[in-house]
S.K.: 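Before I ask anything, let me first share the structure, which is written out below as structure tokens.
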2 protein chains.
Amino acid sequence: MDDEIFKALADPTRRSILDELTERSGQTLFEICSRLNMRHGLTMSRQAVSQHLAVLEKAGLVEIRREGRYRFHDLDPEPLRHLVERWTGPRTRENDT
Amino acid sequence: MDDEIFKALADPTRRSILDELTERSGQTLFEICSRLNMRHGLTMSRQAVSQHLAVLEKAGLVEIRREGRYRFHDLDPEPLRHLVERWTGPRTRENDT
DNA sequence: ACTATAGGCAAGTTTTCACTTGCCTATCAA
DNA sequence: TTGATAGGCAAGTGAAAACTTGCCTATAGT
């Protein structure tokens with residue numbers, strides 16, 4: 001289960017998508033495409049982005065809701081919160097400088 | 001820079017290696033090999049493990065120190081601490097239930 | 001009804017990654 | 001100094017992942 005999350009995070013394009021959705025939630029596929037192009041310098045086909053979104057959805061990091069002919073994408077950062085605690089320990093208070 | 005860390009974490013064998021080093025720091029290559037085999041059911045060549053360790057070292061997650069003919073491996077969890085904060089926000093206290 | 005927009009499906013290609021194989025070097029112990 | 005142990009290098013293989021291409025479906029506006 002964590003496996004899908006780590007694999008999803010391994011790709012820089014997918015991380016940029018998460019960045020985009022962090023900044024503006026509920027974007028459509030086309031919006032994400034154009035913003036990846038504009039702001040991250042990524043030029044890739046709509047299908048490529050769609051496939052990335054499918055990976056992110058399977059990992060539970062993005063929720064997709066359909067309305068009419070639009071598909072809106074929302075970030076769900078919940079699965080990320082305790083992801084690396086197995087190596088860092090549960091608390092990081094001593095590092096809060 | 002983060003890219004190497006995320007890519008390093010994408011492989012389940014490498015995550016098992018981090019688990020092993022979390023439990024017992026300073027293991028040699030052969031120790032890691034046999035413990036991956038014994039405790040994680042992973043049977044793979046020494047070279048494969050060595051390559052994984054190289055990836056982990058490049059990502060800054062493992063430090064390697066040589067003494068005589070031995071090579072000891074230590075975990076450095078520091079780069080992991082704030083890895084996902086760009087999506088979760090800096091604090092997760094409200095989720096400490 | 002027709003057209004444009006938003007998205008879906010399913011090959012096929014290319015690149016990247018994990019892993020092996022074979023041989024070589026270095027340290028230590030007898 | 002011989003042999004055993006710990007590890008290194010580099011080319012090769014196989015499979016998975018990223019991305020494209022071409023065509024199809026569905027919703028909305030006029």
Side-chain angles (χ1 to χ4, degrees), chain A residues 1-21 24-38 40-59 61-74, chain B residues 1-21 24-38 40-59 61-74:
Chain A
M1 358 213 76
D2 273 6
D3 188 62
E4 286 183 318
I5 300 177
F6 282 115
K7 289 225 164 89
L9 294 177
D11 187 272
T13 300
R14 284 195 289 270
R15 293 196 300 274
S16 293
I17 291 174
L18 294 182
D19 289 340
E20 260 316 306
L21 291 177
R24 179 182 301 188
S25 201
Q27 296 188 57
T28 67
L29 177 56
F30 273 76
E31 276 182 280
I32 294 170
C33 281
S34 70
R35 286 172 73 114
L36 282 179
N37 189 355
M38 298 291 110
H40 301 263
L42 297 171
T43 310
M44 63 181 33
S45 69
R46 169 182 58 85
Q47 287 79 355
V49 177
S50 182
Q51 284 162 14
H52 282 307
L53 286 166
V55 173
L56 290 169
E57 194 199 14
K58 253 187 191 156
L61 296 172
V62 164
E63 279 191 2
I64 302 182
R65 68 192 139 88
R66 279 208 82 155
E67 285 177 29
R69 69 176 150 173
Y70 299 101
R71 199 178 65 161
F72 299 103
H73 302 82
D74 299 297
Chain B
M1 358 211 74
D2 274 5
D3 188 61
E4 287 182 319
I5 300 177
F6 283 114
K7 289 227 164 87
L9 294 177
D11 187 88
T13 301
R14 284 196 287 269
R15 294 197 300 273
S16 293
I17 291 175
L18 294 182
D19 290 339
E20 261 315 308
L21 291 178
R24 181 182 298 188
S25 200
Q27 296 188 57
T28 67
L29 177 55
F30 274 76
E31 275 182 281
I32 294 170
C33 281
S34 70
R35 287 172 73 114
L36 283 179
N37 190 357
M38 299 289 111
H40 300 263
L42 298 171
T43 309
M44 63 180 34
S45 69
R46 169 182 57 84
Q47 286 81 354
V49 177
S50 183
Q51 283 164 16
H52 282 307
L53 287 165
V55 173
L56 290 169
E57 195 199 13
K58 252 186 193 158
L61 295 172
V62 164
E63 279 192 0
I64 302 182
R65 68 192 139 88
R66 279 208 82 154
E67 285 176 28
R69 68 175 150 172
Y70 298 101
R71 200 179 64 160
F72 299 103
H73 302 81
D74 299 298

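So you know, we letter chains A, B, ... as the sequences are listed, proteins then strands, and number each from 1.
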S.K.: Distance check: side-chain N/O of B:R66 vs OP1/OP2 of D:dA6, anything under 4.0 Å?
M.R.: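 For D:dA6, OP1/OP2 do not have a side-chain N/O of B:R66 under 4.0 Å.
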S.K.: Tell me if the side-chain of A:Q51 makes a donor-acceptor pair with the base of D:dT20, cut-off 3.5 Å, by modelled atom types.
M.R.: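 It does, because a donor-acceptor pair links the side chain of A:Q51 to the base of D:dT20 below 3.5 Å.
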S.K.: Whole angstrom is fine here: how far is it from CG in A:L53 over to C1' in C:dG8?
M.R.: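 Interatomic distance, CG of A:L53 to C1' of C:dG8: 13 Å.
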S.K.: Calculate the interatomic distance between B:F72 atom CZ and D:dA6 atom P; express it in whole Å.
M.R.: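 Going from CZ in B:F72 over to P in D:dA6 covers 11 Å.
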S.K.: So which nucleotide from C:dA18, D:dA18, C:dC23 ends up closest to the side chain of A:R14?
M.R.: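 Looking only at side-chain atoms, A:R14 lies closest to D:dA18.
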S.K.: To the nearest 0.5 Å, how far apart are CG in A:L9 and CG in A:D2?
M.R.: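 A:L9 atom CG to A:D2 atom CG measures 10.0 Å (nearest 0.5 Å).
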S.K.: Identify which nucleotide among D:dC19, C:dA6, C:dC17 has an atom closest to any side-chain atom of B:K7, counting heavy atoms from C-beta outward.
M.R.: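 Among D:dC19, C:dA6, C:dC17, the one nearest the side chain of B:K7 is C:dC17.
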S.K.: In a table with atom names and distances, give each donor-acceptor pair under 3.5 Å that connects a side chain of residues 50-59 of chain A to protein atoms at least two apart or in another chain.
M.R.:
residue, atom, partner, partner atom, Å
A:H52, ND1, A:R14, NH1, 3.0

S.K.: Is the distance from OP1 or OP2 of C:dA4 to the nearest side-chain N or O of A:R69 less than 4.0 Å?
M.R.: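 Result: no.
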S.K.: By nearest nucleotide on DNA chain D, pick out whichever of A:A48 and B:E31 is the more 5' one.
M.R.: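 Its nearest nucleotide being more 5', the pick is B:E31.
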S.K.: To the nearest Å, how far apart are B:R65 CZ and D:dG7 P?
M.R.: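 Spelled out: CZ on B:R65 to P on D:dG7 is 12 Å.
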S.K.: Counting only side-chain N and O atoms of B:R46, is one of them less than 4.0 Å from OP1 or OP2 of D:dG8?
M.R.: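 Indeed not, no polar side-chain atom of B:R46 lies that close.
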S.K.: Rounded to whole Å, how long is the line connecting atom CD of A:Q27 with atom P of C:dG7?
M.R.: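 Whole-Å distance recorded here is 11 Å.
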S.K.: In whole angstroms, how far is the P atom of C:dT25 from the CZ atom of B:R71?
M.R.: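 Taking atom P of C:dT25 as the reference, CZ of B:R71 is at 19 Å.
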S.K.: Quick one: pull up OG1 in B:T28 and CZ in B:R35 and give me the separation to the nearest 0.5 Å.
M.R.: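 Answer rounded to 0.5 Å: 10.5 Å.
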S.K.: Where the side chain of A:R15 meets the backbone of A:A10, is there a donor-acceptor pair that is under 3.5 Å apart?
M.R.: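 Pair found, side chain donor or acceptor close to backbone of A:A10.
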S.K.: Salt-bridge test for B:R65 and B:E63: reply yes if a basic N is under 4.0 Å from a carboxylate O, no otherwise.
M.R.: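 Answer for the salt bridge query: no.
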S.K.: Could you tell me the separation between the OH atom of B:Y70 and the P atom of C:dT27, rounded to a whole number of Å?
M.R.: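 Distance check: B:Y70 OH to C:dT27 P gives 13 Å.
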S.K.: Can you check whether B:H52 has a side-chain N or O nearer than 4.0 Å to OP1 or OP2 of C:dC19?
M.R.: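 Yes, because at least one side-chain N or O of B:H52 sits under 4.0 Å from OP1 or OP2 of C:dC19.
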S.K.: Verify the contact: side-chain N or O of A:S45 to OP1 or OP2 of D:dT21, cut-off strictly under 4.0 Å; return yes or no.
M.R.: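 Looking at the OP1 and OP2 atoms of D:dT21, neither is under 4.0 Å from any side-chain N or O of A:S45.
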S.K.: Could you state the CD-P distance from B:Q47 to D:dG12, rounded to the nearest angstrom?
M.R.: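 Roughly 17 Å, once rounded to whole Å.
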S.K.: Rounded to the nearest angstrom, tell me the gap between atom CE in B:M44 and atom P in C:dC19.
M.R.: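 In whole Å, C:dC19 P lies 4 Å from B:M44 CE.
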